[in-house]
Amino acid sequence: GAVVSQHPSWVICKSGTSVKIECRSLDFQATTMFWYRQFPKQSLMLMATSNEGSKATYEQGVEKDKFLINHASLTLSTLTVTSAHPEDSSFYICSQGGRGTQYFGPGTRLLVL
Amino acid sequence: GNSVTQMEGPVTLSEEAFLTINCTYTATGYPSLFWYVQYPGEGLQLLLKATKADDKGSNKGFEATYRKETTSFHLEKGSVQVSDSAVYFCALSYNPGTASKLTFGTGTRLQVTL
């Protein structure tokens, strides 16, 4: 299947800083990418749907000004957590749509101190 | 709203044992159902899917049957291997295509020992 990478795999930052997470499709071009968030022992929760060349569609309850999504090309989508706070600590996972399914990245663990 | 409920893990089995991971869902209409697997250090991968009632999805010895009457999609394997150790997620969507939103269960960790 398609390969999706995420960078960084984990990050620790101070409260108030911004963190950018990259999601790259290594062998497949995707017009649609998804960003999920997962808390310990909980489901993956869809945060937003990212469409290449247009604005992302955010799920209810997700602050678009806090979680900035940019889908600048068919192989790269970025999620920026702005002014991060400890409650933003979580596991962030991206996926891309293709070939009748979704292909997931390995995830990025964020810890905000 | 839509939701997926999975049995809590971890599930620990000896190699060659029979595996069942329960999954039930709450949804209106006729969703498609999926099982994804996440091996250590890797992203989620589609294991199998079923798009309508009574369909059976199968892959790598795993099977699951879409039971609308019991709103279930239990994952089974007759003989597990150590290499099956992973986290398994049940999920649903209303469009089996690539741009569909997925609703996930909490995941069930399976550990298989020799």
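Quick note on labels: first sequence line is chain A, next is B, and so on, each numbered from 1. These values consider heavy atoms only, across backbone and side chains, with no hydrogens, waters or symmetry-generated copies.
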* Is K20(A) atom NZ crowded by more than 12 heavy atoms from other residues, nucleotides or ligands, each under 6.0 Å away? -> no

* Which class fits the ring pair F62(B) and Y88(B): parallel under 30°, tilted 30 to 60°, perpendicular over 60°? -> tilted

* Does a salt bridge link K60(B) with D84(B), judged by any charged N lying under 4.0 Å from a carboxylate O? -> no

* Please state whether the rings of F73(B) and Y66(B) are parallel, tilted or perpendicular, taking 30° and 60° as the class boundaries. => perpendicular

* Asked: Given that the side chain runs from C-beta out, which part of L46(A) has a heavy atom under 4.5 Å from chain B: side chain, backbone, both or neither?
  -> side chain

* Structure fact -> With chain A, the option among V4(B), T106(B), T103(B) that has the most non-hydrogen atom pairs under 4.5 Å is T106(B)

* Structure fact -> If one checks every heavy atom of Q6(A) against chain B at 4.5 Å, the contacting part turns out to be neither

* For F39(A), is it the side chain, the backbone, both, or neither that has a heavy atom closer than 4.5 Å to a heavy atom of chain B? -> neither

